[in-house]
Amino acid sequence: TLFTKQLNVSGVSTFKDNSIIEGSLTVGNDASITGGAPTDQGNLAVYGSGRNSLIIQATSNTDDRGIAWRNSGDAYVAYISAVDRGSSYADLAFGVHNTNNSNVDLVSERMRITKEGNVGINSTAPTSKLDVVGDSRLKGNLNVTGISTFTGAIDANGTLDVDGHTELDNLKVVGVATFTGGGAKFENGIETFNVKYITNTNTRISFDTDIISLHGNVGINSTAPTSKLDVVGDSSLKGNLNVTGISTFTGAIDANGTLD
């Protein structure tokens, strides 16, 4: 049956087999349609309220259901689909491809939102709130309030500002590394080597091996060195000791070799 004029139906209309509408189809009541003439509605316009204004329902919960896009050559280029996860649940998948496909299942999935609320980019089974497989680039600030774990290398071309606890397997700094108010711990699997500030001055640095640097002075077993090198305790030097100034010995000199 061909209708050349307006068709008004007040009840339920059922269309079987294939139905072709030449023009646009607008769905809604007269009071809700506010977008202008039917020619301004696009090919399909749905007017309503609520999250279920447009429902896509499958005949079986094991089937995927979604919306697909094709180009003018009838090739599929993108889709949004509810993908079956079993037990009547589904994930929401987004696919797009850079080639033409005659089958929508050949369009590559690029992003997925799981029923658990995890978002995967290039991952079909994300285990975190954001799971990215591949390189990532962020333009702007990245604020992390919890613990950040990096299993690979960190390449920071700009400033890397860390306020909390940080563990790095390998750290290479080309330039200046500044530690304010805290310190650094170095572990080799056997021993622990701490570098930390003492008191409230940034010019004083302490090593757990009882080496203290204060205003350019280095103290070994001394927390308040008064000379460039201040050693409290026995010292052993293997090699030559060259002194260009005056040497003052307040105790005895025991020379096993030649004293020149």
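The shortest side-chain heavy-atom distance between P126 and T114 falls under the 4.5 Å cut-off.
For residues 78-91, the side-chain hydrogen bond (donor to acceptor under 3.5 Å, both in side chains) pairs, not counting sequence neighbours, are N61-S88, R85-D91, R85-E116, D91-R112. Applying the salt bridge (Lys or Arg N to Asp or Glu O under 4.0 Å) rule to pairs touching residues 49-63 yields nothing, sequence neighbours excluded.
Scored by the side-chain contact (heavy atoms from CB on, under 4.5 Å) test, S13 finds V9, F15 as partners (sequence neighbours excluded). Under the rule for a side chain to side chain donor-acceptor pair (under 3.5 Å), the partners of S108 that lie at least two apart in sequence or sit in another chain are H97.
Between G95 and V107, the closest heavy-atom pair is C-CG1, 3.8 Å. Annotation for A90 and K115: closest pair O-CB, 3.8 Å, computed over non-hydrogen atoms. Minimum heavy-atom separation, R65 to S60: NH2-O, 4.2 Å.
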Intermediate values then yes/no, side-chain contact (heavy atoms from CB on, under 4.5 Å), Y47 and V27: CA-CA 6 Å; Y47 286 83; V27 180; over 6 Å; no

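Side-chain contact check for D230 and N217: no donor-acceptor pair (N or O, by modelled atom type) lies under 3.5 Å.
Interatomic distance, S123 OG to R110 CZ, rounded to the nearest 0.5 Å: 13.5 Å. Rounding to the nearest 0.5 angstrom, the gap separating the CG atom in L241 from the OG atom in S247 is 7.0 Å. Summarising the geometry, atom CG belonging to L106 is positioned 11.0 Å from atom OH belonging to Y76; distances are rounded to the nearest 0.5 Å.
Remark: the backbone N or O of A75 is not paired with any side-chain donor or acceptor of N100 at under 3.5 angstrom.
Hydrophobic cluster membership of L92, counting Ile, Leu, Val, Met, Phe, Trp and Tyr whose side-chain heavy atoms lie under 4.5 Å apart directly or via other members: I56, I67, W69, V77, I80, F94, M111, I113, V119, I121, L130, V132. With a 4.5 Å cut-off between side-chain heavy atoms of Ile, Leu, Val, Met, Phe, Trp and Tyr, the cluster of V96 takes in none.
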